[in-house]
Amino acid sequence: MLFQAKKVTKRFGGLTALKEVDLEIERGEIIGLIGPNGAGKTTLFNVISGFYSPTEGNIQFEGRDVTGLKAYQTCRLGIARTFQIVKPFGNMTVLQNVMVGTFCRLRSAKVVRKEAFEILDLVGLSGKENELARSLTLPDRKRLELAKALATKPKFLLLDEVHAGLNPIEISQVLNILRRIRDEWGVTLLVIEHLMTVIMNLSERIVVLSYGEKIAEGTPEEISNDQKVIEAYLGEEDGE
């Protein structure tokens, strides 16, 4: 077992954003995390990655209790994440952005530079290493966000809507990149995504949150036929 969350609860004053969420993930899996807007998906990412401490519950990574660790500590253990709203270091080059992440675990500038080029090749940014990050298009900023996370050499990567705002061709390209990250780099993926065609195509197993609670878990086929999931989505009127 790579990752395990038991009865994870997160409260913000009187608001319960997560309520007793259980989650188990084996090494090498690609897991989809879906739910209506406000379901608690990003809050769960924040708790797993150390941006928030859970109010209650326990989190284990590779058999180690990581409950309440800070983000930089979980990163050093092998947990990395992307953000839905990408914010690269705009006045730095694409290569420098990736090298920042690599320096968190390496000290040799020569080795750091070499690994950064390998990551840029993987995500499809070869040839753009000397461009300023602020000049990139949205699709390339999404790729750079992914590259920055990969630079920390994660074992467990949390992806927050990496396909949002992309056209069908770009979505297909990113899907292929994610599969390579799992198959060639051995990284386990937990993916938040609102595009159901993407999540059904990519995921081996899907977890569904609604109002902070896990309401379903299963294969894409099982989830697509689950009445609770259908009601949760059809019952959503306004996004956040």
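Everything quoted here is computed from the prediction, not taken from an experiment. Numbers here are sequence positions counted from 1.
- Alongside Met92, the hydrophobic cluster contains Phe89, Val100 (criterion: ILVMFWY side chains under 4.5 Å).
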Report task. Apply side-chain contact (heavy atoms from CB on, under 4.5 Å) to the pair Leu190 and Leu157, showing each step before the final yes or no. Result -> CA-CA 6 Å; Leu190 179 61; Leu157 181 56; over 6 Å; no

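- Considering only heavy atoms from C-beta on, Ile34 stays 4.5 Å or farther from His194 through its side chain.
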Report task. For salt bridge (Lys or Arg N to Asp or Glu O under 4.0 Å), just list the numbers for Lys214 and Glu20, CA-CA rounded to whole Å, side-chain angles, deciding distance to a tenth of an Å, and then say yes or no. Result -> CA-CA 8 Å; Lys214 186 172 79 172; Glu20 297 187 345; over 6 Å; no

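- Between the side chains of Asp121 and Ser126, at least one donor N or O lies within less than 3.5 Å of an accepting N or O.
- A donor-acceptor pair is defined here as one N or O able to donate and one able to accept, closer than 3.5 Å; no such pair exists between the side chain of Gln73 and the backbone of Ala71.
- Closest approach of Asp160 to Thr82, counting heavy atoms only: N-OG1, 3.1 Å.
- No more than 12 heavy atoms of other residues, nucleotides or ligands lie within 6.0 Å of NZ in Lys19, so this atom counts as exposed by the packing criterion.
- Counting heavy atoms from C-beta outward, Ile48 and Leu158 have side chains that approach closer than 4.5 Å.
- Looking at Lys6 and Val21, their side chains never come closer than 4.5 Å, going by heavy atoms from C-beta outward.
- The shortest heavy-atom contact between Lys41 and Pro36 is NZ-O, 3.1 Å.
- For the residue pair Asn201 / Arg179, a side-chain donor-acceptor distance below 3.5 Å is found, with atom types taken as modelled.
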Report task. For salt bridge (Lys or Arg N to Asp or Glu O under 4.0 Å), just list the numbers for Lys114 and Glu118, CA-CA rounded to whole Å, side-chain angles, deciding distance to a tenth of an Å, and then say yes or no. Result -> CA-CA 7 Å; Lys114 178 177 179 294; Glu118 291 174 354; 2.7 Å; yes

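- Under the 4.5 Å side-chain heavy-atom criterion for Ile, Leu, Val, Met, Phe, Trp and Tyr, Leu202 and Val229 are members of the same hydrophobic cluster.
- Annotation for Ser224 and Met200: closest pair CB-CE, 4.0 Å, computed over non-hydrogen atoms.
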Query raised in the report: Could you walk me through whether Asp226 and Ile230 pass the side-chain contact (heavy atoms from CB on, under 4.5 Å) check?
Result: CA-CA 6 Å; Asp226 189 295; Ile230 294 170; over 6 Å; no

Query raised in the report: When you look at Asn46 and Arg81, which way does the side-chain contact (heavy atoms from CB on, under 4.5 Å) test go after all the steps?
Result: CA-CA 9 Å; Asn46 286 335; Arg81 66 166 298 180; 2.4 Å; yes

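- Side chains of Val94 and Leu136 form a contact here, defined as non-hydrogen atoms less than 4.5 Å apart.
- Between Glu161 and Leu195, every side-chain heavy-atom pair lies at or beyond the 4.5 Å cut-off.
- To the nearest 0.5 Å, atom OG of residue Ser49 and atom OH of residue Tyr72 are 14.5 Å apart.
- Around the CZ atom of Arg182, the shell of radius 6.0 Å holds more than 12 heavy atoms that belong to other residues, nucleotides or ligands.
- Taking all atoms of both residues into account, the shortest heavy-atom contact from Thr67 to Asp65 is OG1-OD1, 2.7 Å.
- At least one donor-acceptor pair closer than 3.5 Å links the side chain of Arg141 to the backbone N or O of Arg134.
- By the criterion of side-chain heavy atoms lying less than 4.5 angstrom apart, applied directly or through intervening Ile, Leu, Val, Met, Phe, Trp or Tyr residues, Ile177 is grouped together with Val191 in one hydrophobic cluster.
- In this structure, CZ in Arg105 is found 13.0 Å from CZ in Arg76, a value given to the nearest 0.5 Å.
- For Ser135 (side chain) and Leu132 (main-chain N/O), a donor-acceptor pair under 3.5 Å exists by modelled atom type.
- The hydrophobic clustering, which links ILVMFWY residues whose side-chain heavy atoms are closer than 4.5 Å, places Leu166 and Ile181 together.
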Report task. Output, in order, the C-alpha distance, side-chain angles, deciding distance and verdict of side-chain contact (heavy atoms from CB on, under 4.5 Å) for Phe45 and Leu33. Result -> CA-CA 10 Å; Phe45 266 28; Leu33 181 62; 3.9 Å; yes

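- To the nearest 0.5 Å, atoms CD (Glu204) and CD1 (Ile31) are separated by 6.5 Å.
- The shortest distance between side-chain heavy atoms of Arg180 and Asn176 does not fall below 4.5 Å.
- Side-chain atoms of Thr219 and Ile206, non-hydrogen and from C-beta on, never get closer than 4.5 Å to each other.
- Between Glu145 atom CD and Lys142 atom NZ the span is 8.0 Å, to the nearest 0.5 Å.
- Note: the hydrophobic cluster containing Leu209 does not contain Ile30 (ILVMFWY, side chain heavy atoms under 4.5 Å, direct or indirect links).
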Report task. Check the pair Arg205, Glu217 against salt bridge (Lys or Arg N to Asp or Glu O under 4.0 Å), reporting the backbone distance first and the verdict last. Result -> CA-CA 7 Å; Arg205 185 158 53 92; Glu217 180 176 355; 2.2 Å; yes

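- In this structure, Leu15 places its CG atom where more than 12 heavy-atom neighbours from other residues, nucleotides or ligands lie under 6.0 Å away.
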Report task. Go through the steps to decide whether Glu62 and Lys155 satisfy the test salt bridge (Lys or Arg N to Asp or Glu O under 4.0 Å), and finish with yes or no. Result -> CA-CA 10 Å; Glu62 295 190 312; Lys155 302 171 187 176; 3.0 Å; yes

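- Rounding to the nearest 0.5 Å gives a distance of 6.5 Å between CD1 of Ile171 and OG1 of Thr197.
- Within a 6.0 Å sphere centred on CD of Glu221, heavy atoms belonging to other residues, nucleotides or ligands number 12 at most.
- Under the rule for a ring pair (Phe, Tyr, Trp, His ring centres under 6.0 Å), the partners of Phe12 that lie at least two apart in sequence or sit in another chain are Tyr52.
- Taking the six-membered ring for Trp and the full ring otherwise, Phe3 and Phe61 have centroids separated by 6.0 Å or more.
- No donor-acceptor pair closer than 3.5 Å links the side chain of Lys148 to the backbone N or O of Gly101.
- In this structure, the separation between CD1 on Ile199 and CD on Glu193 is 6.0 Å, given to the nearest 0.5 Å.
- A distance-only check finds no donor-acceptor pair linking the side chain of Thr93 to the backbone of Asn130 [under 3.5 Å].
- Checking side-chain atoms of Glu231 against main-chain N and O of Lys228 turns up no donor-acceptor pair under 3.5 Å.
- The hydrophobic cluster containing Ile119 does not contain Ile79, counting ILVMFWY residues as joined when their side-chain heavy atoms lie under 4.5 angstrom apart, directly or transitively.
- For the pair Phe117 and Val98, the minimum side-chain heavy-atom distance is 4.5 Å or more.
- Residues Ala133 and Asn97 approach most closely at CB-ND2, 3.5 Å, considering heavy atoms.
- Across all non-hydrogen atoms, the minimal contact from Leu178 to Leu189 is O-CD1, 3.6 Å.
- Within the 3.5 Å criterion, the main-chain N or O of Glu26 finds a donor-acceptor partner in the side chain of Glu29.
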